[in-house]
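FYI, the numbering just counts along the sequence from 1. Model, not experiment: these values are computed from the prediction.
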Amino acid sequence: MSSISMSPLVSVSDSTGSASLGSPERQPIQGGGRLISMVMNTGSGHHAYGHEQLARQLTDYFSEQGFEVDLYLLTEANQLSEVVRQARAKHEREGGVIVAAGGDGTLNTVAQELKHSHIRMGIIPLGTFNYVARALGIPLEPFAAAEVIVKGTAQPVHLGTVNDYIYLNNASIGLYPKIIEQRELYNARFGRFRVVAMVSGFVVLMREQQKLKLKMTIDGEQTPIETPLVFFGNNQLQLQDLKLKLAQCVEQGKLAAVAITALSRWQMIKLIHRLQVGLFEQAPEVTSFCAEQIKIESRVKHMKVAIDGEIVRIPTPLIFKVAHNALQVMVPHASTSV
């Protein structure tokens, strides 16, 4: 938080004293509590310097709409989970919405704490790519997104899971965690821009890659595999942007994954071209999976896993599944599923 304690930086009551991803069943906020807790990561995206002022403007907007507002401003991502747990305790008594204002990494942390609860999650997208908001039809303009929180409906969405973690967009092992690490180095030097993310990724892809020797169990059927990358997707829009037919798998509420064999630099360039023209899954170096559960076993005790743009170390084996309708998210009335 800005001068941080575990209590809200700002708490505002309204002047009148008023207190697939997903299935089509939705509920309006008007039926719930009138409490909004907004958690903002002031380090998200490339306009982070203006986030604190935006937070106070959004607080004023929610208050004018008749809500009691608790505002938490954070500068360190490791504070987020504890703050959301604190807010959740209050919302379990009073209802309402916990709003995640930030990038998809911030959204993931809030969703992790709210999964399998009745508490509704609102989204103010402030990141670089904002795939979760885009997939749910939530406007990228902050005040339009705030209006969705006030006037929209709650939609249950599916979450990808790996062991005790959830992912909204994707999770991967091998190359992608290295891409994230390189991206963060570039971000620190050049700022958080889309072109920086793409260039840093290309740099990693052009290096010689180490193969992972794994045993995968796909819906009970075991297969050994040597691969530099296994990628799991949970966001239908992101997979469509990548021109992957696996988007249909996510639409069905199943686990979508791809693995590639070891590649030379030239083969990697050709594979990138195939991805751009929509022929990635037809490449002989690519294997696609659509399953209910995938278990990955390795000789190492822990593996680096990139989850929605953040890297975590997870004990093996890794067990990937889909948690159906596990999170309630405020969306526009005509939103499509993720």
Shortest non-hydrogen pair, P317 vs N163, comes out as O-ND2, 3.2 Å
Count the heavy atoms of every other residue, nucleotide or ligand shown that sit under 6.0 Å from NZ of K321, and state whether that count exceeds 12. no
Quick one: are V258 and V230 in side-chain contact, heavy atoms under 4.5 Å? no
Say whether N170 and Q238, considering side chains only, have a donor N or O and an acceptor N or O under 3.5 Å apart. yes
Donor-acceptor contact below 3.5 Å, side chain H51 vs main chain G102: no
Short question: side chain of D104, backbone of G309 - any donor-acceptor pair under 3.5 Å? no
Rounded at 0.5 Å granularity, tell me how far CD1 in I218 sits from CD1 in I294. 5.5 Å
Calculate, to the nearest 0.5 Å, the distance between atoms CG and OG belonging to L58 and S63 respectively. 12.5 Å
Can a donor-acceptor pair be found, under 3.5 Å and without considering hydrogens, that links the side chain of E94 to the backbone of L35? no
Residue of the set E297, E221, E226 for which salt bridge (Lys or Arg N to Asp or Glu O under 4.0 Å) holds with K215: E297
Starting at CD1 of I307, measure out to CG of L168 and round the result to the nearest 0.5 Å. 10.5 Å
Is there a continuous path of hydrophobic side-chain contacts, each under 4.5 Å between heavy atoms, that joins V305 to I319? no
Please find the pair of heavy atoms, one from N130 and one from G127, that lie closest to each other, and give the distance. OD1-N, 2.8 Å
Would you call M121 and I98 a side-chain contact if the rule is heavy atoms closer than 4.5 Å? no
Where do I124 and I149 land on the side-chain contact (heavy atoms from CB on, under 4.5 Å) test, with the steps shown first? CA-CA 9 Å; I124 305 291; I149 294 167; 3.8 Å; yes
Min side-chain heavy-atom separation K115-L159 under 4.5 Å: yes
Does the plane of the ring in Y61 sit parallel, tilted or perpendicular to the ring in F143? Use 30° and 60° as the thresholds. perpendicular
Counting only heavy atoms not in D164, do more than 12 sit closer than 6.0 Å to its CG atom? no
Indicate yes or no: at least one non-hydrogen side-chain atom of L126 is less than 4.5 angstrom from one of P142. yes
Decide side-chain contact (heavy atoms from CB on, under 4.5 Å) for V84 and S81; before the verdict, give the C-alpha distance in whole Å, the side-chain angles of both, and the deciding distance to 0.1 Å. CA-CA 5 Å; V84 177; S81 293; 6.0 Å; no
Do the charged groups of E113 and R88 touch, with an N to O distance under 4.0 Å? no
State yes or no: do V148 and V329 share one hydrophobic cluster built from I, L, V, M, F, W and Y residues joined by side-chain heavy-atom distances below 4.5 Å, directly or via other members? no
Determine the minimum heavy-atom distance between A55 and M38, stating which atoms define it. O-CE, 3.5 Å
Heavy atoms of L246 and A257 approach each other most closely as CD1-O, 3.2 Å
Minimum heavy-atom separation for P125 to P139, with atom names? CG-O, 3.4 Å
Tell me whether D219 contacts the main-chain N or O of Q293 through its side chain, where contact means a donor paired with an acceptor under 3.5 Å. yes
Side-chain contact test, heavy atoms from C-beta onward, threshold under 4.5 Å: evaluate it for F232 versus I173 and give yes or no. no
Using the side-chain contact (heavy atoms from CB on, under 4.5 Å) rule, take T106 and M40 through it: C-alpha gap first, then chi angles, then the decisive distance, then the call. CA-CA 8 Å; T106 299; M40 178 176 285; over 6 Å; no
To the nearest 0.5 angstrom, please state how far the OH atom of Y165 sits from the OG1 atom of T161. 13.0 Å
Any sub-3.5 Å donor-acceptor pair from N235's side-chain atoms to Y131's backbone N or O? yes
Run the side chain to side chain donor-acceptor pair (under 3.5 Å) test on S37 and H91 for me, step by step, so that the C-alpha distance in whole Å, both residues' side-chain angles and the decisive distance to 0.1 Å come before the verdict. CA-CA 8 Å; S37 292; H91 283 266; 2.8 Å; yes
State, with a plain yes or no, whether a side-chain heavy atom of Q328 is found less than 4.5 Å away from one of I119. no
Does the S298 side chain pair with the main chain of V300, one donor and one acceptor, at a distance under 3.5 Å? yes
Salt bridge (Lys or Arg N to Asp or Glu O under 4.0 Å) between R34 and E68: does it pass, once the steps are laid out? CA-CA 6 Å; R34 304 296 293 178; E68 175 190 348; over 6 Å; no
Quick check: do Q155 and L136 have side-chain heavy atoms less than 4.5 Å from each other? yes
State yes or no: do L54 and L140 share one hydrophobic cluster built from I, L, V, M, F, W and Y residues joined by side-chain heavy-atom distances below 4.5 Å, directly or via other members? no
With rounding to the nearest 0.5 Å, note down the distance linking OG1 in T227 to NZ in K211. 10.0 Å
Donor-acceptor pair, distance only, cut-off 3.5 Å: does the side chain of H324 make one with the backbone of G253? yes
To the closest 0.5 Å, what do you measure between CD (Q236) and NE2 (H158)? 10.0 Å
Among V132, N108, N234, which one satisfies side chain to side chain contact (heavy atoms under 4.5 Å, CB included) with N169? V132
Of all heavy-atom pairs between G233 and Y167, which one has the smallest distance, and what is that distance? C-CE1, 4.3 Å
Would Q57 and T59 count as a side-chain contact (heavy atoms from CB on, under 4.5 Å) if you check the C-alpha gap in whole Å, the side-chain angles of each, and the deciding distance to 0.1 Å? CA-CA 5 Å; Q57 292 172 340; T59 297; over 6 Å; no
Are Y72 and Q79 linked by a side-chain donor-acceptor pair shorter than 3.5 Å? no
Starting from I36, can I reach L71 by hopping between I/L/V/M/F/W/Y residues whose side chains sit under 4.5 Å apart? yes
Are the side chains of V39 and V99 in contact, using a 4.5 Å heavy-atom criterion? no
